[in-house]
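Here's the structure, in structure tokens; my notes come after.
All values derive from a computational prediction rather than experimental measurement. Positions are given from 1, in the same order as the sequence printed here.
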Amino acid sequence: MRVNSLNSLSYGKLWPKSEGRLKNTANGKTNNALEQGKNHNPATEKGGIYVTPVQTTKAQEDTIQKALNELSKVEFHPNDVLYMKNLGVSLPFQNGNEAVEYLKSRNIEVAYAEFSNPNVHACLDTSDKIPNVLLNSKYKELTSFAAILAISEAFIHESGHAKDGDSENSIQEEINCLALNVLTHQYYKKTYPDVFKDQNSPLFFEGVNLYDSLFFDFDPEKKALKKRISEKYGFLNVSSRNHPGSQMAYDIKTRS
């Protein structure tokens, strides 16, 4: 499956065009190859988004490692897991450490890249046999503890996309991966009270803080959540091979 445009996404998978795609566009090997003067196009179209790899500094590598370290500590509260299950969520991971270990076991690299759409926080690049988790390079200078936690939430989301082992996507898959963000966010809020207070970056108010409030909205019909997901992911199919659609996914598709 190939999606023609991801221009409204905050998180998600990227599906490349099959012709003329650039190999290894988002990991450290790419940067080394570029430095060695190999003939690569620096920007490659992937499902409507152009991604340009950027050189990762030691400080940025440290930020990525800190985010992975924090993610490895995350435990989902059993009541929150049950709450998500009742919404029709099927969780790809049961805690943060599972996600981190999955990335390690599959040799999935995490890197920064310039996105042609600045509104995309992160994505999974599936153009190679081994996928890569890409984070928007506009966040590459963010080093605060709150930012590190938010970045780790993006990592668990993209890890959820990677786990199913295909390049297909669906509304249900996005619901499942967004739930990973939210459960991780809930853990951080309980473990580090007020850590996200007064954060005004789009990474927060258009990402981690937003979806936390929408999933835990007191509205039993979750109208605001469905509206948001419909706006962002309503063009996708309800379900995909490894993500059978829930009633919420069907409701979201109906809105789109």
Counting N and O atoms only, with roles assigned by atom type, does the side chain of Lys73 sit under 3.5 Å from a partner on the main chain of Gly96, one being a donor and the other an acceptor?
no
Can you tell me if Ser246 and Gln172 form a side-chain donor-acceptor pair at under 3.5 Å?
yes
Donor-acceptor pair, side chain of Ser152 and main chain of Leu149, under 3.5 angstrom
yes
Would you find a donor on one side and an acceptor on the other, under 3.5 Å apart, between the side chain of Glu98 and the backbone of Gln94?
yes
Pair Phe115 + His121: ring centers closer than 6.0 Å
no
Nearest heavy-atom approach of Val100 to Ser72 is CG2-N, 3.9 Å
Is a donor on one side and an acceptor on the other found under 3.5 Å between the side chain of Tyr102 and the backbone of Gly160?
no
Does Arg228 come within less than 4.0 Å of Glu206, counting only side-chain N to carboxylate O?
yes
At what distance, to the nearest 0.5 angstrom, does NZ of Lys226 lie from CG of Asp251?
4.0 Å
Using a strict 4.0 Å threshold on nitrogen-to-oxygen distance, state whether Lys66 and Glu70 make a salt bridge.
no
Output yes when a side-chain donor or acceptor of Asn136 lies under 3.5 Å from a complementary backbone atom of Val120, and no otherwise.
yes
Ser159: side-chain contact (heavy atoms from CB on, under 4.5 Å) partners, not counting sequence neighbours:
Phe93, Ala99, Leu103
Note: Ser137 and Glu114 closest approach over all heavy atoms is OG-CG, 3.1 Å
Which one of Phe216, Phe76, Phe196 satisfies the ring-ring contact (aromatic ring centres under 6.0 Å, His included) criterion with His185?
Phe196
Quickly, which of Thr184, Asn209, Asp194, Asp212 forms a side chain to side chain donor-acceptor pair (under 3.5 Å) with Lys189? Name it, please.
Asp212
Can you list the steps and then say if Glu173 with Leu236 is a side chain to side chain contact (heavy atoms under 4.5 Å, CB included)?
CA-CA 10 Å; Glu173 182 171 342; Leu236 296 171; over 6 Å; no
Report yes or no: do Ile148 and Val195 belong to one cluster of Ile/Leu/Val/Met/Phe/Trp/Tyr joined by side chain heavy-atom distances under 4.5 Å?
no
Can a donor-acceptor pair be found, under 3.5 Å and without considering hydrogens, that links the side chain of Lys253 to the backbone of Gly234?
yes
Quick one: side chains of residues 77-85, donor-acceptor pairs under 3.5 Å with protein atoms, not counting sequence neighbours, listed by atom name and distance.
| from | atom 1 | to | atom 2 | distance (Å) |
| --- | --- | --- | --- | --- |
| His77 | ND1 | Asn79 | N | 3.1 |
| Asp80 | OD2 | Lys190 | NZ | 3.0 |
| Tyr83 | OH | Phe215 | O | 2.4 |
| Tyr83 | OH | Lys222 | NZ | 3.1 |

I'd like to check Leu135 versus Ile64 (side-chain heavy atoms, cut-off strictly below 4.5 Å). Are they in contact?
no
Minimum side-chain heavy-atom gap Val133-Leu124 below 4.5 Å
yes
Separation of Glu153 CD from Leu203 CG (nearest 0.5 Å):
8.5 Å
Does a side-chain heavy-atom distance below 4.5 Å link Pro131 with Asp125?
no
Kindly say whether Phe204 contributes a backbone atom to a donor-acceptor pair with the side chain of Ser201 at under 3.5 angstrom?
no
Hey, are the side chains of Asn132 and Ile108 touching, using non-hydrogen atoms and a 4.5 Å cut-off?
no
Before you tell me yes or no, could you show the steps for Arg241 and Asp166 under side chain to side chain contact (heavy atoms under 4.5 Å, CB included), namely the whole-Å CA-CA distance, both residues' side-chain angles and the distance that decides it to 0.1 Å?
CA-CA 9 Å; Arg241 181 174 52 185; Asp166 62 39; 3.0 Å; yes
Shortest non-hydrogen contact between Val238 and Gly245, atoms and distance
CG1-CA, 4.0 Å
Strictly distance-based, threshold 3.5 Å: is any side-chain N or O of Asp219 a donor or acceptor partner for the main-chain N or O of Glu221?
yes
Quick one: pull up OG in Ser213 and CZ in Phe218 and give me the separation to the nearest 0.5 Å.
11.5 Å
Can you label the angle between the Phe145 ring and the Tyr192 ring as parallel, tilted or perpendicular, going by 30° and 60°?
perpendicular
Between Asn176 and Ser90 (side chain of the first, backbone of the second, donor and acceptor by atom type, cut-off under 3.5 Å), is there such a pair?
yes
Considering only heavy atoms from C-beta outward, does the side chain of Asn97 approach that of Asn95 to under 4.5 Å?
yes
side-chain contact (heavy atoms from CB on, under 4.5 Å) against Glu141, all qualifying residues, sequence neighbours excluded:
Gln60
Rounding to 0.5 Å, atoms OH (Tyr211) and SG (Cys177) come to a distance of 12.0 Å
To the nearest 0.5 Å, atom CG of Leu68 lies from atom OG1 of Thr63 at 11.0 Å
In terms of side-chain geometry, is the basic nitrogen of Glu101 or Lys104 positioned less than 4.0 Å from the acidic oxygen of its partner?
yes
State the CD1-CD1 distance between Ile171 and Ile229, to the nearest 0.5 angstrom.
8.5 Å
Residue pair Ser239 / Tyr250, side-chain donor-acceptor N/O under 3.5 Å
no
Heavy atoms of Met248 and Leu87 approach each other most closely as CB-O, 3.8 Å
Within the distance-only criterion (no hydrogens, no angle test), does the side chain of Lys140 pair as donor or acceptor with the backbone N or O of Tyr112 below 3.5 angstrom?
no
Is Arg255 atom CZ crowded by more than 12 heavy atoms from other residues, nucleotides or ligands, each under 6.0 Å away?
yes
Dump the intermediate steps for side chain to side chain contact (heavy atoms under 4.5 Å, CB included) on Leu210 and Phe205, then the final yes or no.
CA-CA 6 Å; Leu210 174 64; Phe205 68 78; over 6 Å; no
Output, in order, the C-alpha distance, side-chain angles, deciding distance and verdict of side chain to side chain donor-acceptor pair (under 3.5 Å) for Glu174 and His161.
CA-CA 8 Å; Glu174 290 298 341; His161 281 306; 3.2 Å; yes
For a side chain to side chain contact (heavy atoms under 4.5 Å, CB included) check, start with the C-alpha distance between Asp217 and Leu225, then their side-chain angles and the critical distance, and finish with the verdict.
CA-CA 8 Å; Asp217 187 348; Leu225 175 62; over 6 Å; no
